[in-house]
2 protein chains.
Amino acid sequence: MKIAIYGYGNLGKGVECAVMQNADMELFGIFTRRPVEDIKPVGENVKVYPAKDVLLYKNEIDVMIICGGSATDLPVMTPALAENFNVIDSFDTHAKIPEHFANVDAAAKKGSNIAIISVGWDPGMFSLNRLYANAILPCGVDYTFWGKGVSQGHSDAIRRIEGVEDARQYTIPVPTALDAVRRGENPVLSAREKHTRECFVVAKEGADKARIENEIKTMPNYFADYDTTVHFISKEELMKHHSGIPHGGLVIRSGKTGQNNENSHIIEYSLKLDSNPEFTASVLAAYARAAFKMKNRGETGCKTVFDIAPADLSALSAEEIRAHML
Amino acid sequence: MKIAIYGYGNLGKGVECAVMQNADMELFGIFTRRPVEDIKPVGENVKVYPAKDVLLYKNEIDVMIICGGSATDLPVMTPALAENFNVIDSFDTHAKIPEHFANVDAAAKKGSNIAIISVGWDPGMFSLNRLYANAILPCGVDYTFWGKGVSQGHSDAIRRIEGVEDARQYTIPVPTALDAVRRGENPVLSAREKHTRECFVVAKEGADKARIENEIKTMPNYFADYDTTVHFISKEELMKHHSGIPHGGLVIRSGKTGQNNENSHIIEYSLKLDSNPEFTASVLAAYARAAFKMKNRGETGCKTVFDIAPADLSALSAEEIRAHML
C-alpha cells in the first residue's frame, strides 16, 4: 500500500521511519507547506511535493498520514483531505474530539473514504486500554499516569517566560501514589498527588533566575497545582542530557468481582518510550494499514481506534494470527 | 440481552456474578449436566435447566456462555451449541485453536449465529496485547510471563503422585529476568530463567516426603526444567492460606524505532487477579455483549478477540465512548 506523509516535523519523520519497517508499505512521498528544497527526508530518493499540489496525486495514494498540530492544523487539514484521500491523524485535543469527528465524518463520507482520527498513544492506545478494562471490570476505578517524559506544552510554557532561552519539562508520576493504586487501594488523588514536574531551564545572560523560578512555580494550570522543581543549567547541558523526547505512562483499572465484590483485580498498561513522536508514528502506520483494509472492504466515514478490529492492524493473515498470537 | 450459562463450575459461577454487574444483561438461567437440584446458584431465583433440554430454549436466549473444559468439553459443546445459539467459550489449548475455529465456524454459519472462541486473558487479553504491540513495533521481541498465580494443571499433576492428598502450585516470574526485559535488554531466556515453581503439598499420613519431593522436582515438562521449591504443609494450612485461585502475568514487547533503530520502546500489559475464573468470566461477559451486537447487525460465523472492534464490548454508545474515553 502506498502511504503519503502530510507535514514533516518530528512526527512526519517518525512516520517515514515506521513505513520503512513495514514490508507491505511503500512511501509515496512527503507533502509540505515549506519550500520543498528545505525538506531533508531520512531515506534516499524520497519524493517531496508542495502541499498545494496534493490533489494531483489523488488516485496514486492509498492512505495519507497527516502530521500536523492539533491546535490549528488538523481541524482544517483532516476534513479537507478526507474528502479526497483515506486519512489518519493524531488529533489529541480530547475536549474537541466530538466536533472534529463530526467534521471529518461528513467529509470522508462525501468522498467515500475512510478516516481514522486521534490515533497515537493518548488518545490512542491508552484510550483502548481504558475501554477494554472498563468493559471487563464494570465495577472499578480508572487511573492514568503520564511520564516520566517530556511535556512539549509545559516546555513551551516555560520558554514564553521573559529571560528564558530554552527549557525542558518532565512530568513524573508520584511513586507512592502509583504504588497505592497498584495495591488496589483506590485512592482519590489530587493533581499534586499524582504527578510532579521537573524543569531544566537555560536562562538568558543576566536574567533574574529567582523571578523565573517563581513565575514557573506559580503559573496557573501548568504548574501552580503541582510540586515543581526548577534547575538552571547551561545550554550545553540541555543539549547533552535533555535533547531526547522520551515519554510514556500508565493506564490502570482497579476493579472488583465476586458475589460481594470480594475479589480485586488490577489491569495495567504501561509504555516506556525513548521517542514520543516515533512511537506515535508507529501507531499511525499500523492504523494506516487498517484504513487500507477497511476501504478495500467498502467501508467509509470517520473511525477511531474503538471502531477498528485488532486483526486489521496486522500484516499477517487471519489464519496466521490465530495460529501464532492467540 | 438474555445470557445463559452452560456448565456451572468456578467459571460458570464467575459468569453469573459478572452478568449481575452489567445492567444491560439479564441471566436467563444455568444449564447443567448434573442433577439440577445439585446446583446452588449465587443469585436468588436463578433458573437451572438440564443441559439436555437446551434446544427447547433456542429462541429465548441471546448469548450462551459455555463454561466447560478445553480438553474434552469445549471441542464438542461449542460446535454443537453454535448451530443453535450465539456462543462464547474460553477454549485455551493454543495448539488446537485452528481446528476448533474451523469446527465452530462451520456450525455457526450453518445456524446463522455468531460464535467467539478462546475468550479470557490467555488466550484473550494477552493475545490482543501481543497483536497490538506487534503491529505497532514490527522490529521487536515478545515476552510473556505468568504469575504469580496458581496453575491448575501443575497442581493436578502433583495430586496424581502417590502419597499426595492435596497440592497447590504457584508459577512465579523470575524478578531479575523481568527487570532485564523491562530495561530493554532483550535477553534470550530459558524456561528456568523465566519462571520458578513453588509447591505446597499435603502428604498422606505415613507417605515418603523425600520421594514425593523428588518425583515433583524431576517430573518431565511440568517441573524438571524449572527451579522448584516444595513445602509440606498441613491440610488446614492449605485451606487457610492457599484456597484462593489468584493468577496474572505480563505481556511485554520490547521494540526499536528510528532511522538506525536507535530508540527503544517497552509496551507492557499486566494483570494481577485475585480470582482467575472470575476475571476470565468478566471477559466472557464483555464479549457476550459484542456477540449480541454483531448478531443484530447480521454478522455470522466464528470470531476471536482479534475480530471484535473494541466499541462492541462497551455498554456505552459510540458518542459516549468518544467523548469520555478517547
Side-chain angles (χ1 to χ4, degrees), chain A residues 14 17-18 21-22 42 94 97-98 101 118 123 125 127-132 134-139 182 184 255 257-259 262-275 278-279 281-283 286 289 304-311 313-315 318-319 321-323 325-326, chain B residues 14 17-18 21-22 42 94 97-98 101 118 123 125 127-132 134-139 182 184 255 257-259 262-275 278-279 281-283 286 289 304-311 313-315 318-319 321-323 325-326:
Chain A
C17 294
Q21 286 191 338
N22 287 290
V42 169
H94 290 261
I97 285 173
F101 182 91
S118 300
M125 298 312 296
S127 324
L128 271 184
N129 277 280
R130 284 187 279 264
L131 182 73
Y132 277 118
N134 273 268
I136 294 168
L137 296 174
C139 299
R182 283 176 169 156
T257 65
Q259 190 172 358
E262 65 274 25
N263 287 316
S264 294
H265 306 277
I266 302 284
I267 304 174
E268 175 174 333
Y269 180 80
S270 84
L271 295 174
K272 272 182 285 185
L273 313 175
D274 272 1
S275 166
E278 286 180 11
F279 186 82
S282 298
V283 182
R289 179 181 291 119
T304 73
V305 293
F306 298 147
D307 306 308
I308 315 294
L313 302 176
S314 179
E319 290 74 19
I321 58 176
R322 278 198 297 272
M325 289 194 180
L326 196 60
Chain B
C17 294
Q21 286 191 339
N22 286 290
V42 168
H94 291 261
I97 285 174
F101 182 91
S118 301
M125 298 312 295
S127 324
L128 271 183
N129 277 280
R130 284 188 279 264
L131 181 73
Y132 277 118
N134 273 268
I136 294 168
L137 296 174
C139 299
R182 284 175 169 157
T257 66
Q259 187 171 359
E262 66 273 25
N263 287 315
S264 295
H265 306 278
I266 303 283
I267 305 174
E268 175 175 333
Y269 180 80
S270 84
L271 296 174
K272 273 182 284 184
L273 314 175
D274 273 0
S275 166
E278 286 180 10
F279 186 82
S282 298
V283 182
R289 179 181 291 118
T304 73
V305 293
F306 297 148
D307 306 308
I308 315 294
L313 301 177
S314 179
E319 291 74 18
I321 58 176
R322 278 198 298 271
M325 288 194 180
L326 199 60

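Residue numbering restarts at 1 for every chain, and letters A, B, ... go by the order of the sequence lines. What you see below is based on every heavy atom in this structure, not just the backbone, and it leaves out hydrogens, waters and symmetry mates.
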Before you tell me yes or no, could you show the steps for A/V305 and B/L326 under side chain to side chain contact (heavy atoms under 4.5 Å, CB included), namely the whole-Å CA-CA distance, both residues' side-chain angles and the distance that decides it to 0.1 Å?
CA-CA 8 Å; A/V305 293; B/L326 199 60; 3.9 Å; yes

**Asked** Taking it one step at a time, do B/S275 and A/H265 satisfy side chain to side chain contact (heavy atoms under 4.5 Å, CB included)?
**Response** CA-CA 8 Å; B/S275 166; A/H265 306 277; 4.2 Å; yes

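In terms of non-hydrogen atom pairs under 4.5 Å with chain B, the most contact-rich of A/E278, A/Q259, A/E262 is A/E278. The candidate with the highest count of non-hydrogen atom pairs below 4.5 Å against chain B, out of A/G184, A/A18, A/C139, A/G255, is A/C139. Considering only heavy-atom pairs separated by less than 4.5 Å from chain B, the leading option among A/A318, A/S314, A/A281, A/G258 is A/G258. The candidate with the highest count of non-hydrogen atom pairs below 4.5 Å against chain B, out of A/A315, A/P310, A/P138, A/A309, is A/P310. Here A/S282 is the residue among A/P123, A/S282, A/G14 with the most heavy-atom pairs under 4.5 Å with chain B. Each of A/S264, A/A286, A/A135 has some count of heavy-atom pairs under 4.5 Å with chain B, and the biggest count is that of A/S264.
For A/T304, the part sitting under 4.5 Å from any heavy atom of chain B is the side chain, from C-beta outward, and nothing else. Both the backbone and the side chain of A/D307 come within less than 4.5 Å of a heavy atom in chain B. Using a 4.5 Å cut-off between heavy atoms, A/L128 touches chain B through its side chain atoms alone. For A/A323, the parts sitting under 4.5 Å from any heavy atom of chain B are the backbone and the side chain alike. Only the side chain of B/L137 comes within contact range of chain A, with at least one heavy atom under 4.5 Å from a heavy atom of that chain.
Between B/M325 atom CE and A/L131 atom CG the span is 5.5 Å, to the nearest 0.5 Å.
Across A/M125 and B/I136, no two heavy atoms sit closer than the pair SD-CD1, 3.6 Å. The two residues A/T257 and B/Q21 have their closest heavy-atom pair at CA-NE2, 3.8 Å.
Formation of a donor-acceptor pair under 3.5 Å by the B/K272 side chain with backbone atoms of A/E268 is not found in this model.
Applying the side chain to side chain donor-acceptor pair (under 3.5 Å) rule to B/S270 yields no partners; only residues at least two apart in sequence or on another chain are considered. B/L271 pairs by the side-chain contact (heavy atoms from CB on, under 4.5 Å) definition with A/I267, B/W121, B/F126, B/Y269, B/L273, B/F279, not counting sequence neighbours.
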